[in-house]
Novice: 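Handing you a structure now.
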Amino acid sequence: DPKSDDHKFWEYNCKDVMVTADAALQMEQEAKENGVWEFYKEFYVRPFLHSLRMEWYGVAIDIERRVIVKQQVDKRIYELQDGIDQTLGWHLNVKSSPQMYKLLYETKGYQVRKNRQTGRPTADKWALDYFAAKHQDPLLLQIKELRQQFDLRSDFLDQPLSADGRMNTHYNIGGTDSGRWSSVKSILGTGTNLQNIPISGDWGKKVRRAFIAGKGNSLLSLDYSQIELRVLASVAGDPAMIEAFKKGIDIHKLTASNV
């Protein structure tokens, strides 16, 4: 039945495939004409195929440790929420913008901060961070920690795992202007942005320890060392910079000494 939902669904998907295939053929022809096809295959397609396997396989999770950390986070959330509520004398929902507005500008009487883009008064994370840093208010510092604990729990500890106890994510190769990969919720509907796992603080370290390597494998943490300056040295052909990098000299200390 051409009017049925099933027919419309498959008609849309068939058209989607046809348009995508036509666009791919046209883009391939243009890439070849402009001499970038081989570059595209080597530096985009090949990593993309690897990323697909990584996405499907997922990251191993120490489920027992994850449960323990979640219990610790739940306990800390209860302690923080109880302490905040007792201090105020009323229950504060730290995720509620109207309640945070009431706290910052009515209860505390701080000067209203405005959103830089909209120009409207705001009680968002930026405003909370500003007042907490400016006044070193113990209550605001507790609220900041409570919100961080909520984020830890929702982003990593409450996320559903696959049947084999792994967490999936989607790696976006072209997700940043700098060329770095980004990470978002998996196309399977599970997982989270793995790049948001905290790298500092006791709680961040506890969460990171729940991510493990499978049997016989290891997790590696790799990063380029001063990649922008190395590219600059190569492009500019600066002999002093090139020599410094070859000898492992701290380029910032070298620059300061020359100045």
Side-chain angles (χ1 to χ4, degrees), residues 59 61-161 167-170 172 175-178 180 182-186 189-211:
V59 181
I61 300 294
D62 185 332
I63 298 178
E64 184 177 348
R65 182 184 294 274
R66 185 177 187 244
V67 170
I68 293 174
V69 174
K70 185 177 185 303
Q71 291 173 343
Q72 295 173 338
V73 168
D74 285 342
K75 180 181 178 182
R76 184 58 180 158
I77 286 176
Y78 175 81
E79 293 172 347
L80 288 167
Q81 185 71 69
D82 186 58
I84 292 169
D85 292 349
Q86 287 195 31
T87 299
L88 291 173
W90 49 278
H91 175 70
L92 173 68
N93 180 356
V94 298
K95 295 183 179 181
S96 167
S97 294
Q99 289 192 26
M100 288 300 301
Y101 188 97
K102 175 184 176 182
L103 170 67
L104 294 176
Y105 303 126
E106 296 179 14
T107 304
K108 290 291 184 180
Y110 295 141
Q111 183 178 355
V112 175
R113 303 290 295 180
K114 295 184 178 181
N115 186 289
R116 296 173 181 174
Q117 295 181 334
T118 65
R120 297 176 180 174
T122 180
D124 58 9
K125 179 181 181 300
W126 170 74
L128 176 62
D129 290 345
Y130 171 81
F131 290 123
K134 180 178 180 180
H135 300 286
Q136 288 298 301
D137 187 322
L139 178 64
L140 299 189
L141 295 175
Q142 284 184 318
I143 292 173
K144 280 190 61 177
E145 184 184 349
L146 179 57
R147 295 177 72 158
Q148 291 166 356
Q149 297 289 347
F150 276 133
D151 289 341
L152 278 179
R153 188 173 69 179
S154 63
D155 290 347
F156 305 108
L157 301 174
D158 283 343
Q159 287 295 326
L161 304 179
M167 183 176 286
N168 303 91
T169 189
H170 170 62
N172 189 352
T176 64
D177 293 335
S178 65
R180 291 185 175 89
S182 62
S183 170
V184 295
K185 194 178 187 71
S186 167
T190 60
T192 186
N193 179 355
L194 295 182
Q195 291 181 326
N196 275 349
I197 303 173
I199 61 175
S200 60
D202 292 338
W203 290 104
K205 292 176 182 177
K206 288 180 180 181
V207 172
R208 292 178 76 86
R209 291 193 191 104
F211 291 82

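Hydrogens, waters and symmetry mates are skipped; everything else that's a heavy atom, side chains included, is used.
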Novice: To the nearest 0.5 Å, tell me how far Q149 CD sits from K75 NZ.
Specialist: 12.5 Å
Novice: State, to 0.1 Å, how close K144 and A132 come at their nearest heavy-atom pair, and which atoms those are.
Specialist: CD-CB, 3.7 Å
Novice: Classify the ring geometry of Y101 against Y105: parallel below 30°, tilted from 30° to 60°, perpendicular beyond 60°.
Specialist: perpendicular
Novice: For R147 and K125, work out which heavy atoms get closest and say how close.
Specialist: NH2-N, 4.3 Å
Novice: Do other residues, nucleotides or ligands put more than 12 heavy atoms under 6.0 Å from the NZ atom of K108?
Specialist: yes
Novice: Which donor-acceptor pairs under 3.5 Å do side chains of residues 92-99 form with protein atoms, sequence neighbours excluded?
Specialist:
| residue | atom | partner | partner atom | Å |
| --- | --- | --- | --- | --- |
| N93 | OD1 | K95 | N | 3.0 |
| S96 | OG | Q99 | N | 3.3 |
| Q99 | OE1 | N93 | N | 2.7 |

Novice: Do you see a donor-acceptor pair shorter than 3.5 Å between the side chains of Q86 and D82?
Specialist: yes
Novice: Identify the two heavy atoms, one from K185 and one from Q159, that lie closest to each other, and give their separation to 0.1 Å.
Specialist: NZ-OE1, 3.4 Å
Novice: What's the spacing between D151 CG and L146 CG if we round to 0.5 Å?
Specialist: 9.5 Å
Novice: Go through the steps to decide whether L152 and V69 satisfy the test side-chain contact (heavy atoms from CB on, under 4.5 Å), and finish with yes or no.
Specialist: CA-CA 10 Å; L152 278 179; V69 174; over 6 Å; no
Novice: Quick test of your reading of the model: are R66 and D62 salt-bridged, counting only N-O distances below 4.0 Å?
Specialist: no
Novice: Would you give the length of the straight line joining atom CZ of R209 to atom CD1 of I68, rounded to the nearest 0.5 angstrom?
Specialist: 12.0 Å
Novice: How long is the gap from CG on L128 to OG1 on T122, to the nearest 0.5 Å?
Specialist: 10.5 Å
Novice: Do M100 and D124 have side chains that approach each other closer than 4.5 Å (heavy atoms only, starting at C-beta)?
Specialist: no
Novice: Grab the two heavy atoms, one from P121 and one from V112, that are nearest each other, plus how far apart they are.
Specialist: CB-CG1, 3.5 Å
Novice: Please report the C-alpha distance between Q148 and W203 in whole Å, then the side-chain angles of each, then the deciding distance to 0.1 Å, and finally whether the side-chain contact (heavy atoms from CB on, under 4.5 Å) criterion is met.
Specialist: CA-CA 10 Å; Q148 291 166 356; W203 290 104; over 6 Å; no
Novice: Mind telling me whether F211 and F156 have parallel, tilted or perpendicular rings, with 30° and 60° as the class edges?
Specialist: perpendicular
Novice: Taking the side chain as everything from C-beta on, heavy atoms only, tell me whether V207 gets closer than 4.5 Å to V73.
Specialist: no
Novice: State the NZ-OH distance between K134 and Y110, to the nearest 0.5 angstrom.
Specialist: 9.5 Å
Novice: Looking at S183 and T169, what are the two nearest heavy atoms and their distance?
Specialist: OG-OG1, 2.6 Å
Novice: For Q111 and F131, which heavy atoms make the closest approach, and how far apart are they?
Specialist: O-CZ, 3.3 Å
Novice: Quick one: does L140's side chain get under 4.5 Å of L104's, heavy atoms only?
Specialist: yes
Novice: If you round to the nearest 0.5 Å, how far is CD1 of I143 from CD of Q81?
Specialist: 9.0 Å
